[in-house]
Amino acid sequence: MDKQRECLLKRISEVSFVMDDLRLFLDTHPCDQDALGMYREYSVMRAQLVAQYTAMYGPMSSYGICECSEWNWTQYPWPWEGVC
Amino acid sequence: MWCYERRLQYPVNIKETNPELAMVIITQFGGPDGELGASLRYLSQRFAMPYREVAGVLTDIGTEELGHLEIICAIVHQLTKNMTAEEIENSPFKNYYVDHTLGIYPVAASGTPYSVTTFQSKGDPITDLHEDMAAEQKARVTYDNILRLVHDHDVCEPIRFLREREIVHYQRFGESLRIVQDHLDSNNYYSFNPAFDKKCK
């Protein structure tokens with residue numbers, strides 16, 4: 001995997017993980033303003049990163065595929081393939 | 001409804017194959033305290049959960065567990081990739097190989113296929129949440145046991161991540177139990193089942 005793609009994917013994983021953890025916290029602490037603010041902030045960050053990744057390395061989710069003449073969902077590596 | 005994302009929750013990039021280790025780690029896919037059972041347990045239990053915030057916890061943790069079994073399967077897949085027939089012949093992996101080749105099949109470390117009899121969906125919030133908290137601890141112990149056997153950094157890192165998530169989930173289920181108890185008669189939590197008896201809210 002090229003370095004730039006690896007970096008971007010790592011950043012998406014990190015930002016998504018913050019949101020995964022916050023989501024569970026907010027389920028049991030729905031009025032926590034700090035957590036709500038952080039979720040909002042990371043949500044904006046994540047949307048930008050995913051848009052950047054999609055433009056450079058193909059779709060991360062199939063719902064957003066629209067701008068291609070050929071179906072490209074299955075043309076990129078699957079996440080379990082690894083580096084070797 | 002679920003939507004697939006083309007990424008692992010935590011990256012898996014293993015450079016050295018190790019079929020013996022794969023046979024141990026696969027238990028967190030198809031074993032009695034594995035991620036598949038965890039996901040099915042929470043996603044099944046949520047329908048009878050009368051409190052929306054707790055049904056949300058069951059939905060979100062059940063969903064995260066799907067991501068975790070994908071990580072476990074990726075580890076097993078990469079640990080058994082590109083093996084020759086000779087390498088397989090000299091490894092305990094040969095018993096698995098003869099039934100599944102390099103396909104990923106949910107079994108325990110003992111070789112027993114996955115069984116739904118390892119979990120309950122009792123339809124009683126207190127009962128189900130106690131089972132869920134126990135399940136997170138059992139999975140955490142299994143990861144502790146696995147970590148004593150793993151010496152490859154590439155395998156350790158995702159396993160450590162998964163172990164930490166068991167602890168966070170245990171915490172959230174503990175809070176869920178408190179939410180359920182806050183809805184009930186504090187003098188007798190067990191006088192009725194809020195998921196069945198109509199008189200209570």
Side-chain angles (χ1 to χ4, degrees), chain A residues 1-32 35-36 39 42-43 46-47 49-65 71-84, chain B residues 1-17 51-65 67-82 104 154-155 158 161 164-165 167-180 182:
Chain A
M1 198 188 318
D2 81 71
K3 271 280 166 236
Q4 206 184 351
R5 183 177 156 228
E6 199 179 338
C7 272
L8 191 51
L9 197 54
K10 184 165 178 281
R11 191 71 196 120
I12 290 172
S13 293
E14 287 165 353
V15 170
S16 304
F17 174 67
V18 171
M19 295 182 73
D20 293 341
D21 204 36
L22 280 171
R23 187 182 309 115
L24 298 186
F25 179 82
L26 283 163
D27 285 346
T28 55
H29 305 78
C31 303
D32 189 297
L36 282 168
Y39 198 85
Y42 275 78
S43 164
R46 186 179 194 280
L49 288 164
V50 170
Q52 193 187 341
Y53 182 93
T54 303
M56 293 170 78
Y57 305 109
M60 185 154 276
S61 156
S62 56
Y63 274 120
I65 300 172
W71 183 243
N72 65 358
W73 176 236
T74 55
Q75 291 174 5
Y76 297 91
W78 292 106
W80 54 83
E81 291 180 22
V83 282
C84 303
Chain B
M1 178 54 189
W2 275 266
C3 172
Y4 186 72
E5 265 203 0
R6 191 191 213 94
R7 64 182 184 90
L8 297 179
Q9 195 190 20
Y10 192 96
V12 176
N13 291 304
I14 295 167
K15 292 165 214 78
E16 300 283 327
T17 57
Y51 311 113
R52 282 195 183 134
E53 58 271 61
V54 181
V57 171
L58 290 167
T59 300
D60 293 339
I61 297 183
T63 301
E64 187 177 335
E65 307 292 13
H68 292 178
L69 71 90
E70 188 183 31
I71 294 174
I72 291 294
C73 293
I75 293 172
V76 172
H77 168 66
Q78 292 180 27
L79 283 173
T80 55
K81 227 161 121 174
N82 304 323
I104 302 292
D154 293 343
V155 182
F161 169 81
E164 283 170 20
R165 298 309 291 158
I167 296 165
V168 172
H169 293 172
Y170 176 77
Q171 175 70 25
R172 300 284 95 91
F173 281 132
E175 291 159 0
S176 300
L177 180 60
R178 192 206 65 227
I179 290 169
V180 168
D182 284 348

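A note on names: the letters A, B, ... follow the listed sequences, proteins ahead of strands, and every chain is numbered from 1. Being a predicted model, the structure only gives us computed values, none of them experimental.
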(request) Measure across A:Pro59 and B:Arg6 and return the closest heavy-atom pair with its distance rounded to 0.1 Å. (result)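 Smallest heavy-atom distance, with atoms named: O-CD, 3.4 Å.
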(message) For a quick test of reading the model, state the closest non-hydrogen atom pair linking B:Leu8 to A:Ser13 and the distance between them.
(response)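 Scanning both residues, the minimum pair turns out to be O-OG, 3.9 Å.
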(request) Check whether A:Pro30 gets within reach of chain B through its side chain, its backbone, both or neither, counting any heavy atom under 4.5 Å. (result)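 For A:Pro30, there is no contact with chain B at all, as no heavy atom is under 4.5 Å.
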(message) I'd like to know if the side chain of B:Gln78 and the backbone of A:Trp80 have a donor-acceptor N/O pair within less than 3.5 Å.
(response)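 Yes, the answer is positive, given that a donor and an acceptor are paired below the 3.5 Å cut-off.
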(request) Look at the side chain of A:Lys10 and the backbone N and O of B:Pro11, then say whether any donor-acceptor pair between them is shorter than 3.5 Å. (result)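 Looks like no, no N/O pair under 3.5 Å.
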(message) Does A:Gln75 have more than 12 heavy atoms from other residues, nucleotides or ligands lying within 6.0 Å of its CD?
(response)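 Yes, because the 6.0 Å sphere around CD of A:Gln75 holds more than 12 heavy atoms from other groups.
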(message) Tell me whether the count of non-hydrogen atoms from other residues, nucleotides or ligands lying under 6.0 Å of OH in B:Tyr170 goes above 12.
(response)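 No, not enclosed.
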Under 4.5 Å from a heavy atom of chain A, the part of [X] involved:
X	answer
B:Glu70	side chain
B:Ile61	both
B:Ile179	side chain
B:Val168	side chain

Distance from [X] atom [atom1] to [Y] atom [atom2], nearest 0.5 Å?
X	Y	atom1	atom2	value
B:Asp60	A:Asp21	CG	CG	11.5 Å
A:His29	B:Glu53	NE2	CD	12.0 Å
B:Asn13	A:Glu81	CG	CD	11.0 Å
A:Tyr63	B:Tyr4	OH	OH	15.0 Å
B:Glu175	A:Phe25	CD	CZ	7.0 Å

(request) Name all residues meeting the ring-ring contact (aromatic ring centres under 6.0 Å, His included) criterion together with B:Phe161; count only those two or more places apart in sequence or in a different chain, and write none if there are none. (result)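 By the ring-ring contact (aromatic ring centres under 6.0 Å, His included) rule, B:Phe161 matches A:Phe17, B:Tyr10.
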(message) If the threshold is 4.0 Å, N to carboxylate O, is there a salt bridge linking B:Arg165 and A:Asp20?
(response)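 Answer for the salt bridge query: no.
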(message) I'd like to check the side chain to side chain donor-acceptor pair (under 3.5 Å) partners of B:Glu5; sequence neighbours left out, ordered by chain and number.
(response)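 Side chain to side chain donor-acceptor pair (under 3.5 Å) check on B:Glu5 returns A:Arg46, B:Arg7.
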(request) Answer whether the closest heavy-atom distance between the side chains of A:Thr28 and B:Gln171 falls below 4.5 Å. (result)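 Answer no - side chains too far apart.
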